[in-house]
Amino acid sequence: MLTTLRPENDRQKPAARWSPIYHSLRDAIVGHRLSPGTKLPEDELASIYSVSRTVIRAALQELSHDWLVRLEPNRGAFVAQPSPKEAREVFEARALIEPRVAALAARAAKPGDVGLLRHHLEREHEALHAGRDSDAIMLSALFHVGIAEIADQSVMTGFVRDLVSHSSLIIALYWKRRDTTCESYAHHALVDAIEAGDPDKAADLMKEHMLDLLSGLDLNRTEQKPGNLADILR
């Protein structure tokens with residue numbers, strides 16, 4: 001069942017006090033305002049956002065699920081710092097798994113699924129053209145999870161969800177082209193192949209897309225010095 005790309009008002013979404021903090025920190029991380037390795041002390045964040053440490057802890061836990069934050073026992077939370085080697089491994093894994101997922105989606109897709117994919121592309125392009133890079137990266141990730149859900153393979157969907165979450169920070173840190181978030185032609189071509197029920201073409205397009213994403217990263221980028229949390233987040 002395709003749930004990831006459905007409009008938010010069609011999904012049950014319980015309110016969470018940590019959600020605004022999660023989105024604020026996510027945008028600061030993906031937008032390069034918080035550098036990799038920056039320490040995220042619960043007490044300082046609680047003061048900045050005027051919430052309890054419990055709320056901060058929940059937001060940091062959610063960010064760690066998205067591979068944006070690293071939680072270390074007895075040391076606290078830090079902005080994740082994927083290495084160039086890790087970045088290559090993530091995209092090599094995606095290049096192995098996602099072409100197969102795209103082929104399965106091309107065999108299984110219904111008209112309603114294709115409609116949701118096309119609507120999602122509109123949101124993705126709107127974010128990119130508006131300069132909302134953090135939203136564009138996250139929407140691009142959801143597009144790939146949506147394809148996996150259409151394929152109706154729960155194990156593979158879990159793999160894809162994990163890998164694209166990991167990829168989001170990698171793309172934000174290492175991209176050398178703004179369109180590395182996912183060029184419009186790549187996603188449009190994938191949807192066309194899925195709609196046409198052409199598994200071979202969908203698989204080929206997805207593999208090319210993964211290789212293009214990897215080639216669009218500058219894995220020699222130097223690290224930035226962490227800044228002051230209050231100045232960055234307020």
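Taking each heavy atom of Leu104 and Gln153 in turn, the nearest pair found is CD1-CG, 3.7 Å. Closest non-hydrogen pair, Ala109 versus Val114, comes out as CB-CG2, 4.4 Å. Considering every non-hydrogen atom in both Ala106 and Ala193, the closest pair reads CB-O, 4.2 Å. The two residues Pro36 and Val79 come nearest to each other via the heavy atoms CA-CG1, 3.8 Å. Nearest heavy atoms, Ala148 versus Val101: CA-CG1, 3.3 Å. Between Ser24 and Arg33 the shortest heavy-atom distance is O-NH2, 4.4 Å.
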### Task
Step by step, work out the side-chain contact (heavy atoms from CB on, under 4.5 Å) result for Asp192 and Leu205.
CA-CA 10 Å; Asp192 289 344; Leu205 286 168; over 6 Å; no
### Query
Yes or no on side-chain contact (heavy atoms from CB on, under 4.5 Å) for Leu34 and Leu233, after CA distance, side-chain angles and deciding distance?
CA-CA 9 Å; Leu34 284 175; Leu233 297 174; 4.2 Å; yes
### Message
Between Ser168 and Trp67, is the side-chain contact (heavy atoms from CB on, under 4.5 Å) condition met? List the steps.
### Response
CA-CA 8 Å; Ser168 295; Trp67 295 89; over 6 Å; no
### Task
Report the C-alpha separation of Leu40 and Ile56 in whole Å, then their side-chain angles, then the decisive distance to 0.1 Å, and conclude whether the side-chain contact (heavy atoms from CB on, under 4.5 Å) test is met.
CA-CA 10 Å; Leu40 301 170; Ile56 295 297; over 6 Å; no
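Side-chain contact between Met206 and Ile147: present, with at least one pair of heavy atoms (C-beta onward) separated by less than 4.5 Å. Between Ile21 and Leu45, the closest side-chain pair of non-hydrogen atoms is not below 4.5 Å. Side-chain atoms of Glu86 and Gln81, non-hydrogen and from C-beta on, never get closer than 4.5 Å to each other. Using a 4.5 Å heavy-atom threshold, the side chains of Leu190 and Leu117 count as separate. At a threshold of 4.5 Å between non-hydrogen side-chain atoms, the residues Leu68 and Leu25 do not count as touching. The shortest side-chain heavy-atom distance between Pro84 and Tyr174 falls under the 4.5 Å cut-off. Between His209 and Glu98 there is no side-chain heavy-atom pair separated by less than 4.5 Å. Here the side chains of Leu128 and Glu124 are not in contact, with every heavy-atom distance at 4.5 Å or above.
Atom CG of Leu139 is separated from atom CZ of Arg132 by 7.5 Å, given to the nearest 0.5 angstrom. Separating the CH2 atom in Trp18 from the OG1 atom in Thr54 is a distance of 14.5 Å, to the nearest 0.5 Å. Taken from CG in Leu213 to CD1 in Ile170, the straight-line distance is 11.0 Å, to the nearest 0.5 Å. Annotation: the span from Met156 atom CE to Ile97 atom CD1 amounts to 7.5 Å, rounded to 0.5 Å. Between the CZ atom of Arg161 and the CD atom of Glu149 there is a distance of 5.5 Å, given to the nearest 0.5 Å. Lys207 contributes atom NZ, which lies 14.5 Å from atom CG of Asp212 (distance to the nearest 0.5 angstrom).
Between Asp135 and Arg26, at least one side-chain nitrogen of the basic residue sits less than 4.0 Å from a carboxylate oxygen of the acidic one, meeting the salt-bridge criterion. Between Glu122 and Arg118, none of the side-chain N atoms (NZ, or NE/NH1/NH2) sits under 4.0 Å from a carboxylate O, so this pair counts as no salt bridge.
Residues Leu169 and Phe78 fall into different hydrophobic clusters, defined by Ile, Leu, Val, Met, Phe, Trp and Tyr side chains chained together at heavy-atom separations under 4.5 Å. Both Leu142 and Tyr22 are assigned to one and the same hydrophobic cluster, defined by single-linkage of ILVMFWY side chains at heavy-atom distances under 4.5 Å. Under a hydrophobic-cluster definition in which Ile, Leu, Val, Met, Phe, Trp and Tyr are linked whenever side-chain heavy atoms come within less than 4.5 Å, directly or via other members, Leu96 and Val155 are assigned to different clusters.
Using bins of under 30°, 30° to 60° and over 60° for the plane-to-plane angle, the ring pair His129/His125 lands in the tilted bin. Taking the six-membered ring for Trp and thresholds of 30 and 60 degrees, Phe143 and His120 have nearly parallel ring planes, at less than 30 degrees apart.
Environment of CZ in Phe159: sparse, with no more than 12 heavy atoms of neighbouring residues, nucleotides or ligands closer than 6.0 Å.
No donor-acceptor pair closer than 3.5 Å links the side chain of Ser140 to the backbone N or O of Ala136. A donor-acceptor distance shorter than 3.5 angstrom exists from the side chain of Asp113 to the backbone of Lys110, with no hydrogens or angles considered. When atom types are taken as modelled, the side chain of Lys39 and the backbone of Arg75 share a donor-acceptor pair closer than 3.5 angstrom. For His23 (side chain) and Ser19 (main-chain N/O), a donor-acceptor pair under 3.5 Å exists by modelled atom type.
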